[in-house]
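See structure below.
Residue numbers count from 1 along this sequence.
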Amino acid sequence: MYDKDKAKMMQVVRETGFALLDIGLFLDTHPNNEKAMDYYNKYQQMYKEARREYEKHFGPLTMDAVDTCNGWTWTQEPWPWEGGCS
């Protein structure tokens, strides 16, 4: 069950992250486009929520999300090439 959920949750993180990056590039050349800014804000919130949910269940996606209260746990989970993100 969690493997499928993990893959689905990672897909949402990837898709919302891609949309956020794409609209950010558009805003670089169209900074006054209100519709694009609304879209960016919407996907920024979706991305934050998707990452938060993924990390809550499966651990940090990036080093800056590591909870160091229990020491340096970043390297305790499998790396992506070891099946950690599949």
Side-chain angles (χ1 to χ4, degrees):
M1 177 181 154
Y2 271 116
D3 288 335
K4 284 186 178 181
D5 290 343
K6 184 176 184 179
K8 286 180 184 177
M9 291 175 86
M10 178 53 76
Q11 186 65 27
V12 173
V13 170
R14 288 179 179 145
E15 288 173 356
T16 55
F18 177 82
L20 195 59
L21 178 62
D22 192 47
I23 195 64
L25 292 171
F26 179 82
L27 282 166
D28 284 347
T29 58
H30 302 81
N32 298 319
N33 188 309
E34 290 182 32
K35 195 171 185 178
M37 184 58 76
D38 290 343
Y39 186 84
Y40 181 87
N41 289 333
K42 174 185 171 183
Y43 274 85
Q44 182 182 48
Q45 187 61 37
M46 289 170 63
Y47 176 72
K48 285 179 181 180
E49 179 64 21
R51 264 192 76 160
R52 187 185 69 74
E53 281 300 306
Y54 182 92
E55 289 176 341
K56 182 171 91 174
H57 294 288
F58 305 111
L61 290 170
T62 58
M63 199 180 308
D64 65 314
V66 174
D67 178 5
T68 57
C69 291
N70 295 319
W72 190 246
T73 58
W74 173 245
T75 58
Q76 292 178 356
E77 296 294 321
W79 294 95
W81 55 88
E82 297 173 324
C85 290
S86 57

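Scored by the ring pair (Phe, Tyr, Trp, His ring centres under 6.0 Å) test, Phe26 finds His30 as partners (sequence neighbours excluded). Qualifying ring pair (Phe, Tyr, Trp, His ring centres under 6.0 Å) partners for Tyr43, counting only residues two or more places apart in sequence or in other chains: Tyr39.
Between Phe58 and Met9 the shortest heavy-atom distance is CE1-SD, 3.5 Å. Of all non-hydrogen atoms in Ala36 and Leu27, the two that sit nearest each other are CB-CD2, 3.7 Å.
In this structure, OG1 in Thr16 is found 11.5 Å from CG in Leu21, a value given to the nearest 0.5 Å.
In the hydrophobic cluster analysis, where Ile, Leu, Val, Met, Phe, Trp and Tyr join through side-chain heavy atoms closer than 4.5 angstrom, Val12 is grouped apart from Met10.
The list of salt bridge (charged side-chain N to carboxylate O under 4.0 Å, His left out) pairs with a residue in residues 46-63, not counting sequence neighbours, reads Glu49-Arg52, Arg51-Glu55, Glu53-Lys56. Judged as a salt bridge (charged side-chain N to carboxylate O under 4.0 Å, His left out), not a single pair has a partner in residues 15-40 (not counting sequence neighbours).
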